[in-house]
Each structure stands twice: as C-alpha cells, then as structure tokens.
Amino acid sequence: MTTAKDIMHSGARWIPAHETLDRAAQLMREHNVGALPVSADGDSDRMVGIITDRDIVVGCVAKGHDPSKVTAGDLAQGTPRWIEAEADVDAVLEEMQTHRIRRLPVVENKKLVGMISEADLAQHLTEEQIAGWAEKVYSRS
C-alpha cells in the first residue's frame with residue numbers, strides 16, 4: 001500500500017502566524033516551495049492555516065498592502081487540512097478532492113513531516129488517478 005509518506009516531499013517547514021509575508025516569500029524562495037503551513041504563535045505543532053505564493057500576490061500585493069506589515073496569520077484563512085503519514089493514497093486523493101486543495105501537509109505523531117503537492121502526485125500516481133484528481137479539484141462545479 002502506497003502511503004502519504006511515500007509520495008510526500010519531506011522537509012516541509014512551518015511559518016509562525018506572527019511572521020510577515022515578505023519573510024514567508026523569502027522562505028518559499030529559499031526552500032523552492034509554493035506554500036507554507038502556518039503555525040499558531042508559540043506553538044509550532046498547531047496548524048492554523050496555509051499560505052501560498054498566490055495568496056501573497058493576490059491577497060496582499062495586488063490589494064496594495066505592504067507584505068512587510070501583513071502577517072501569515074492575517075492571510076491564513078479557512079479550516080486547515082492535513083493527512084496522517086500512514087494514510088493510503090486513496091485517502092490523500094479524497095482529502096484533496098473533497099476540499100479542492102492542491103497542497104496537503106503530512107503529519108506524523110502530530111508533527112509536520114512533509115507536504116504533498118501536484119508535482120508529488122504526478123510523480124507517483126497513474127495517469128488515470130491524476131486525471132480523476134484534476135477533474136475534481138479544478139472543475140467549476
């Protein structure tokens with residue numbers, strides 16, 4: 001059985017909610033990632049959201065806000081989603097499809113251990129699985 005841990009990109013990194021979006025952008029560049037889970041201030045084990053590079057551009061810069069004054073916590077919205085490392089691929093796909101998300105943090109023993117992105121799916125799944133996932137995540141319905 002293929003698990004979330006088998007297909008994830010390891011080494012995911014948190015950003016504390018109090019950190020600014022310019023710092024988030026720097027971390028994304030340094031780690032060559034497009035998203036960061038956001039942790040509650042003072043408690044790096046509790047996820048309060050996730051921010052993406054697109055969130056920074058659309059939710060901050062395009063609105064004329066200063067990314068050095070807006071925090072990751074200000075931008076992180078919605079209910080955080082994640083998956084256990086031992087969950088099978090079907091559970092991963094179901095979670096991503098149901099919530100129409102393109103990146104999914106992976107946790108093990110309540111600790112962040114990785115992230116699953118579209119690129120990870122493309123490397124590990126069949127063409128049929130990817131097509132089904134894309135249809136559900138990107139559909140307009």
Side-chain angles (χ1 to χ4, degrees), residues 1-63 65-141:
M1 168 181 84
T2 303
T3 66
K5 192 170 187 173
D6 295 330
I7 66 171
M8 73 179 191
H9 175 82
S10 62
R13 176 171 169 134
W14 294 99
I15 186 162
H18 70 272
E19 285 286 356
T20 59
L21 296 182
D22 61 340
R23 180 63 184 137
Q26 292 165 359
L27 286 171
M28 288 179 189
R29 182 191 65 225
E30 288 170 16
H31 296 282
N32 194 30
V33 297
L36 294 169
V38 180
S39 67
D41 287 331
D43 181 6
S44 65
D45 292 340
R46 190 169 68 84
M47 185 169 47
V48 296
I50 190 168
I51 58 169
T52 67
D53 46 7
R54 186 177 191 284
D55 292 334
I56 294 170
V57 171
V58 174
C60 178
V61 176
K63 290 182 176 180
H65 301 295
D66 182 351
S68 69
K69 303 216 182 314
V70 179
T71 68
D74 292 336
L75 203 60
Q77 298 180 9
T79 303
R81 308 303 313 177
W82 67 89
I83 194 97
E84 290 288 335
E86 294 307 315
D88 68 24
V89 160
D90 290 334
V92 170
L93 294 174
E94 179 68 24
E95 183 71 14
M96 294 176 86
Q97 290 166 344
T98 300
H99 301 285
R100 299 182 71 167
I101 55 178
R102 296 174 185 101
R103 296 174 179 100
L104 186 63
V106 180
V107 297
E108 186 173 51
N109 299 321
K110 299 184 181 181
K111 303 278 186 202
L112 179 69
V113 294
M115 183 82 77
I116 297 173
S117 68
E118 293 169 290
D120 299 314
L121 296 178
Q123 290 177 350
H124 294 92
L125 302 180
T126 66
E127 288 182 21
E128 293 80 23
Q129 286 174 307
I130 294 169
W133 175 84
E135 181 180 337
K136 291 177 181 169
V137 170
Y138 289 108
S139 70
R140 293 181 189 241
S141 59

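- In terms of heavy atoms, Ser68 sits closest to Asp22 at CB-OD2, 3.4 Å.
- No donor-acceptor distance shorter than 3.5 angstrom exists from the side chain of Glu19 to the backbone of Pro16, with no hydrogens or angles considered.
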In residues 89-97, what donor-acceptor pairs under 3.5 Å come from side-chain atoms, sequence neighbours left out?
from	atom 1	to	atom 2	distance (Å)
Glu94	OE2	Thr98	OG1	2.9
Glu95	OE2	Arg81	NE	2.7
Glu95	OE2	Arg81	NH2	2.9

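- Remark: Lys5 NZ to Ile83 CD1 distance equals 14.5 Å, nearest 0.5 Å.
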What pairs of donor and acceptor atoms, side-chain ones from residues 25-33 against any protein atom, are under 3.5 angstrom apart with sequence neighbours left out?
from	atom 1	to	atom 2	distance (Å)
Gln26	OE1	Arg23	NH1	3.3

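- Residues Leu112 and Pro105 approach most closely at CD1-CB, 3.9 Å, considering heavy atoms.
- Note that the SG atom of Cys60 and the NZ atom of Lys69 stand 11.0 Å from one another [nearest 0.5 Å].
- Here the rule is side chain to side chain contact (heavy atoms under 4.5 Å, CB included) with Met8, and of Thr3, Asp120, Val113, Leu104 only Val113 fits it.
- When all heavy atoms of His65 and Pro67 are compared, the pair lying nearest together is O-CD, 3.3 Å.
- Pairing each heavy atom of Asp6 with each of Met1, the nearest pair is OD2-O, 3.8 Å.
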Applying side chain to side chain contact (heavy atoms under 4.5 Å, CB included), run through Ile51 and Leu21 and close with a yes or a no. CA-CA 9 Å; Ile51 58 169; Leu21 296 182; 4.0 Å; yes

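- You'll find the side chain of Trp133 reaches within 4.5 Å of the side chain of Leu121, heavy atoms only.
- The structure places CD1 of Ile116 at 4.0 Å from CD1 of Ile7, a figure rounded to the nearest 0.5 Å.
- Nearest heavy atoms, Pro80 versus Val48: CG-C, 3.5 Å.
- Here the closest heavy-atom approach between residue Val38 and residue Ala17 is recorded as CG1-CA, 3.6 Å.
- Looking only at side-chain heavy atoms (C-beta outward), Val107 and Glu84 come within less than 4.5 Å of each other.
- Going from atom CD1 of Ile50 over to atom CZ of Arg103 covers 7.0 Å, rounded to the nearest 0.5 Å.
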